[in-house]
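Bear in mind that the values here come from a model prediction, so they are computed numbers and not experimental data.
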Amino acid sequence: LTFRKDGEIVSTMQEEPLDLALLPFPYKDDFSDIENQIIYYESSRGCPYQCGYCLSSVEQGVRFVPLEKVLPDLQKFLDAKVPQVKFIDRTFNCKKSHAMAIWKYLHEHDNGVTNFHFEITADIIDQEAIDFLKTVRKGLFQFEIGVQSTNPHTIHAINRNVNFDKLAGIVKQIKAGENIHQHLDLIAGLPYEDYATFRKSFNDVYGLGADNLQLGFLKFIHGSQLREQDWGARFAPDPPYEVLSTPWMTYAELRRLHDAAEAVERIHNSGRFALTEELALQTGIRPYDLYLMLGERMAARQGRWSLDNLTRLVYDVFLSLGAKASALRNAMILDRLATDNTGYLP
């Protein structure tokens, strides 16, 4: 902090990193300042990985808040029965003993209401952790797992050392427990990722059956490796500095990915068409091609999409793929009744 005092400029800049044990609890004890909002909490700073798109790679090492401080803080959230707590740790499970201690505490003190969200690296989870995670209440934990790409050249170029086959096996084991909501992330616009390889990355990740697939776009953050290097990419001059084109991906191709991403968010991630999507994929169409078709139809129509209009779009597109009309209608009825408590059918 820099401020004026008695006409002089005073700076409190310190050379050494702040002792995280000294950080105060960031919320009022009655949580009246954040009613009906998501709560964010950190138990560590820094990241052991050196991913080229991320600013966390600039700072070396990881510092952890002592468990003697973390666990009482978490108990305050549990006592207040807040709906959700999102850990902002860049890689929550990079230190197994730290992660397991927190997970076990939350499991043992579960209030039956609060959900805890963690960004994790799946391929370093061992069997002991998997076996434990299968015992927790459904809805207690939610995982966000960054895959980013399944193209080996891209993974090498951005300094990620992730074994996709191992990651895939662990994601499937967690999914088999049917108690932890999983988000898988992809990033479009990375080095050596062209339209065809991204389509493959999408289909690879979709095939893991995660509850939520986040299709994001590369941001050229100040200080990150991919911004500092001149590798021929173009990006927007204003925040969040989103990629516009790369030597491997044109602007037009990235716009098509935006269309697909919108359809994934509105149709797949909403969870409103789960059975219907399965029926469409049984026609033989690949997942990416399905969502691109939906996304382009959505982009061609101006204005907001009501649920009924979205339902009509899904019906028309899936029927055109060869899905049987009676089976399609039955699936859509089941999906609507499972996700809407009004009982209204369009």
Side-chain heavy atoms of Gln214 within contact of Glu265, under 4.5 Å: yes
Contact summary for Glu228 and Gly223, nearest pair of heavy atoms: OE2-N, 3.3 Å
Heavy atoms from other residues, nucleotides or ligands near CZ of Arg301 exceed 12 (cutoff 6.0 Å): yes
Ala323 backbone acceptor or donor facing Thr283 side chain under 3.5 Å: no
Under 3.5 Å donor-acceptor, Arg336 side chain and Thr311 backbone: no
Leu71 CG to Glu108 CD distance, which is reported to the nearest 0.5 Å: 10.0 Å
Exam field: side chain Glu262 to backbone Met298, donor-acceptor pair closer than 3.5 Å: no
Steps toward side-chain hydrogen bond (donor to acceptor under 3.5 Å, both in side chains) verdict (Thr342, Asp340): CA-CA 6 Å; Thr342 66; Asp340 186 285; 2.3 Å; yes
Chi angles and distances behind the side-chain contact (heavy atoms from CB on, under 4.5 Å) call for Met293, Leu321: CA-CA 10 Å; Met293 183 184 299; Leu321 295 174; 3.8 Å; yes
Salt-bridge criterion met for Lys175 and Asp211 (N-O under 4.0 Å): no
Side chains of Arg199 and Asp289 in contact at under 4.5 Å (non-hydrogen atoms): yes
Heavy-atom side-chain proximity of Val264 to Leu294 below 4.5 angstrom: no
Which atom of Arg266 lies closest to which atom of Ser270, heavy atoms considered: O-OG, 3.0 Å
OG-NZ distance between Ser44 and Lys95, expressed to the nearest 0.5 angstrom: 10.0 Å
Derivation of the ring pair (Phe, Tyr, Trp, His ring centres under 6.0 Å) call for Trp103 and Phe92: CA-CA 11 Å; Trp103 283 341; Phe92 175 78; 5.7 Å; yes
Asp19 vs Arg63, salt bridge (charged side-chain N to carboxylate O under 4.0 Å, His left out): CA-CA, chis, key distance, verdict: CA-CA 9 Å; Asp19 181 356; Arg63 293 176 292 138; over 6 Å; no
Closest heavy-atom pair and its distance - Tyr41, Val70: OH-CA, 3.4 Å
Stepwise salt bridge (charged side-chain N to carboxylate O under 4.0 Å, His left out) test for Arg312 and Asp316: CA-CA 6 Å; Arg312 168 56 65 181; Asp316 290 344; 3.4 Å; yes
Centroid separation Phe25 to Phe77 less than 6.0 Å: yes
Flag, side chain of Asn212 to backbone of Gly271, donor-acceptor distance under 3.5 Å: no
Any side-chain heavy-atom pair of Pro191 and Ile158 under 4.5 Å: yes
Whether over 12 other heavy atoms sit under 6.0 Å from Lys81 NZ: no
Over all atoms of both residues, closest heavy-atom pair of Val62 and Cys94: CG1-SG, 4.2 Å
Working for side-chain hydrogen bond (donor to acceptor under 3.5 Å, both in side chains), residues Gln84 and Asn115: CA-CA 5 Å; Gln84 185 177 56; Asn115 166 263; 2.7 Å; yes
Heavy-atom pair of closest approach, residues Pro247 and Ala233: CD-N, 4.1 Å
Nearest-0.5 Å distance that lies between atom NZ in Lys86 and atom NE2 in His117: 4.5 Å
Heavy-atom pair of closest approach, residues Leu218 and Gly189: CD2-O, 3.3 Å
Ser43 side chain to His98 side chain, donor-acceptor N/O pair below 3.5 angstrom: yes
Any donor-acceptor pair under 3.5 Å from Thr114 side chain to Pro83 backbone: no
Aromatic plane relationship, Tyr291 with His268 - under 30° parallel, 30 to 60° tilted, over 60° perpendicular: perpendicular
Exam field: side chain Asp194 to backbone Trp248, donor-acceptor pair closer than 3.5 Å: no
From OG (Ser56) to CD1 (Ile221), nearest 0.5 Å: 8.5 Å
Side-chain donor or acceptor of Glu193 paired with backbone N/O of Phe198 under 3.5 Å: yes
Within 6.0 Å of CD in Gln127, more than 12 heavy atoms from elsewhere: yes
Pair Lys138 + Glu178: basic N to acidic O under 4.0 Å: no
Path from Ile38 to Leu106 over hydrophobic side-chain contacts below 4.5 Å: yes
Test: Asp259 and Arg255 ion pair at under 4.0 Å: no
CD1 on Ile88 to CZ on Arg45, rounded to 0.5 Å: 7.5 Å
Atom CZ of Phe87: over 12 foreign heavy atoms under 6.0 Å: yes
Arg329 atom CZ, neighbour heavy-atom count above 12 within 6.0 Å: no
Contacts of type side chain to side chain contact (heavy atoms under 4.5 Å, CB included), residue Gln75, not counting sequence neighbours: Leu78, Asp79, Tyr105, His109
Tyr192 and His153 aromatic ring geometry - parallel, tilted or perpendicular at 30°/60° bounds: tilted
Thr91 backbone acceptor or donor facing Asp89 side chain under 3.5 Å: no
Any Val136 side-chain heavy atom under 4.5 Å of Asp110 side chain: no
Charged tip of Lys76 within 45° of Tyr27 ring normal and under 6.0 Å: no
Aromatic ring proximity, centroids under 6.0 angstrom, Trp231 and Phe220: yes
His107-Phe132 aromatic ring centre distance below 6.0 Å: yes
Over 12 non-hydrogen atoms of neighbours within 6.0 angstrom of NZ in Lys134: yes
Check: Leu328 and Tyr315 side chains under 4.5 Å, non-hydrogen atoms: yes
Sidechain-backbone polar pair: Lys5 side chain, Val10 backbone, donor-acceptor under 3.5 Å: no
Near-ring test Tyr206/Tyr288, centroid separation under 6.0 angstrom: no
Atom pair CD/CZ of Gln148 and Phe164 - distance to nearest 0.5 Å: 12.0 Å
Under 3.5 Å side-chain donor-acceptor pair for Ser201 and Thr150: yes
Side chain Lys324, main chain Gly322, donor-acceptor under 3.5 Å: no
Heavy-atom check, side chain of Arg272 versus side chain of Leu310, under 4.5 Å: no
Within-4.5 Å side-chain heavy-atom neighbours: Phe118 and Asn93: no
Check: His183/Glu144 side-chain N/O donor and acceptor closer than 3.5 Å: no
